[in-house]
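As the structure is a prediction and not an experimental result, all values here were calculated from the model. We count ligands from 1, going down the list as the structure has it; atoms in each ligand are counted the same way.
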Amino acid sequence: MILTVDVGNTRIKAAVFEGTAVLESFVFEKKELEKKIKKILDNYQKCSDLVVASVGNVEKQSFLIFEEQLNVHFFTHEDKFPFHNKYATPKTLGIDRMILAAGATLQFPKQNRLVVDAGTCITYDFIDENDNYLGGAISPGLRLRYESLHNYTARLPLLTFEEPDQYIGNTTMQAIHSGVVNGFVYEIDGFIDEYRGNFSNFIIILTGGDADFLAKRLKNTIFANSNFLLESLNQTFQYKINND
Ligand SMILES: Nc1ncnc2c1ncn2[C@@H]1O[C@H](COP(=O)(O)OP(=O)(O)OP(=O)(O)O)[C@@H](O)[C@H]1O
Ligand SMILES: CC(C)(CO)[C@@H](O)C(=O)NCCC(=O)O
Ligand SMILES: [K+]
């Protein structure tokens, strides 16, 4: 059994795997980290490995305290990955993006793959059919857009997600919902159209906190899986064990 942990910029997600099957998954806040991990390990005493991908600012020590109990592995860009990294600044590439790219490469062989992670930020990661990781894009996620409009203006209220029923917003609130939500959807559809125009034999994987909403709204058909990062962590760890 393996406990995988994804430390994002907002929340922490974790899942216990037996082989490729998810036994249970969890979402929690950073301040609850040690308590939650302890509880999970108490319930799943057969866990042999704790595998972490972190882009957030949590102390490594919060995981290292479990080292007496099981093997703890933090993924870094120095691990072995199943793709050729063509990013010109590989050391600053987010480990979450590397794990997503690794999962896409292992799960969908010999295809062009685009991974869209709609979380705190939206990240786009492209791996071509020859397993070259080329890069992609980073833009603000849905909640970040609502928060930035409020934080960087005098008059815009802080709103929470509401699906607009039209693109012409006729009140301040409707105008913000249209700008944020429709803008978010148009952006992603626009990027997908761009990739589709340039590559055939193409698969799109959608994940992150806003994946379920997006799956309903995008005009492009996609493979949506909100657990894709945790599943990829499990797979990339297996790959590491088999190739070390
Ligand atoms: N309880 C919640 N807290 C924060 N965001 C939430 C919550 N529920 C749904 N969301 C949506 O999820 C998005 C954030 O995604 P996610 O939770 O994957 O981010 P994250 O934990 O920071 O991970 P990452 O850094 O990997 O993107 C927000 O844009 C928001 O619309
Ligand atoms: C873009 C985020 C914040 C998405 O979680 C993360 O992958 C990150 O901090 N990346 C570093 C910059 C880069 O990937 O080039
Ligand atoms: K993200």
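Listed by chain and number, the hydrophobic cluster partners of Phe74 are Met1, Leu3, Val5, Val7, Ile12, Val16, Leu23, Phe26, Phe28, Leu33, Ile37, Ile40, Leu41, Tyr44, Leu50, Val52, Val58, Phe63, Leu64, Ile65, Phe66, Leu70, Val72, where partners are ILVMFWY side chains within reach of under 4.5 Å, directly or through others.
For the residue pair His73 and Asp79, a side-chain donor N or O sits within less than 3.5 Å of a side-chain acceptor on the partner. No hydrogens or angles considered: a donor-acceptor pair under 3.5 Å links the side chains of Tyr124 and Glu187.
The NZ atom of Lys240 lies 12.5 Å from the CG atom of Leu233; values are rounded to the nearest 0.5 Å.
Ranking protein heavy atoms by distance to atom 25 (O) of ligand 1, first place goes to Asn9 N, 2.8 Å. Among protein heavy atoms, atom 22 (O) of ligand 1 sits closest to Thr120 OG1, 2.2 Å. Looking from atom 1 (N) of ligand 1 to the surrounding protein, the closest heavy atom is Arg11 NH1, 3.3 Å. The single protein non-hydrogen atom nearest to atom 16 (P) of ligand 1 is Lys13 NZ, 3.4 Å, given as residue, atom name and distance. Of all protein heavy atoms, the one closest to atom 26 (O) of ligand 1 is Gly8 CA, 3.9 Å. Summary of contacts: the protein heavy atom closest to atom 15 (O) of ligand 1 is Gly119 CA, 3.1 Å. The nearest protein atom to atom 31 (O) of ligand 1, hydrogens excluded, is given as Asp210 OD1, 2.7 Å; this is a heavy-atom distance.
Taking the six-membered ring for Trp and the full ring otherwise, Phe126 and Phe199 have centroids separated by under 6.0 Å. When ring centroids are compared, Phe161 and Phe213 come within the 6.0 Å threshold. Between Phe108 and Phe223, the ring centre distance stays below 6.0 Å.
Of all atoms in ligand 2, numbered sequentially from 1 with element shown, those under 4.0 Å from a heavy atom of Leu93 are 13 (C), 14 (O), 15 (O). Atoms of ligand 2 found under 4.0 Å from any heavy atom of Thr123 (numbered from 1 in listed order, with element): 1 (C), 4 (C). Residue-ligand proximity, Thr92 to ligand 2, at heavy-atom distances under 4.0 Å covers atoms 11 (C), 12 (C), 13 (C), 14 (O), 15 (O). Distances below 4.0 Å separate heavy atoms of Asn9 from the following atoms of ligand 2: 3 (C), 5 (O).
Contact check on Lys38 versus Asp42 returns a salt bridge, with a Lys/Arg side-chain nitrogen under 4.0 Å from an Asp/Glu carboxylate oxygen. Using a cutoff of 4.0 Å between basic side-chain nitrogens and carboxylate oxygens, Lys86 and Asp131 are not scored as salt-bridged. Taking 4.0 Å as the cut-off between side-chain N and carboxylate O, Asp210 and Arg143 do not count as a salt-bridged pair.
Ligand 1 has an N or O atom lying under 3.5 Å from an N or O atom of Thr10, backbone or side chain. At least one N/O-N/O distance between Tyr87 and ligand 2 falls below 3.5 Å. Inclusion of Gly209 in the set of residues having an N or O under 3.5 Å from an N or O of ligand 1 is warranted. Between Gly94 and ligand 2, an N or O atom pair is found at a separation short of 3.5 Å.
The option with the heavy atom closest to atom 5 (O) of ligand 2, from among Asp96, Ile122, Val55, is Asp96.
In this structure, Phe83 and Tyr133 have tilted ring planes: the angle between them lies in the 30° to 60° band.
Annotation: angle subtended at the K ion (ligand 3) by Asp117 OD2 and Cys121 O is 130°, to 10°.
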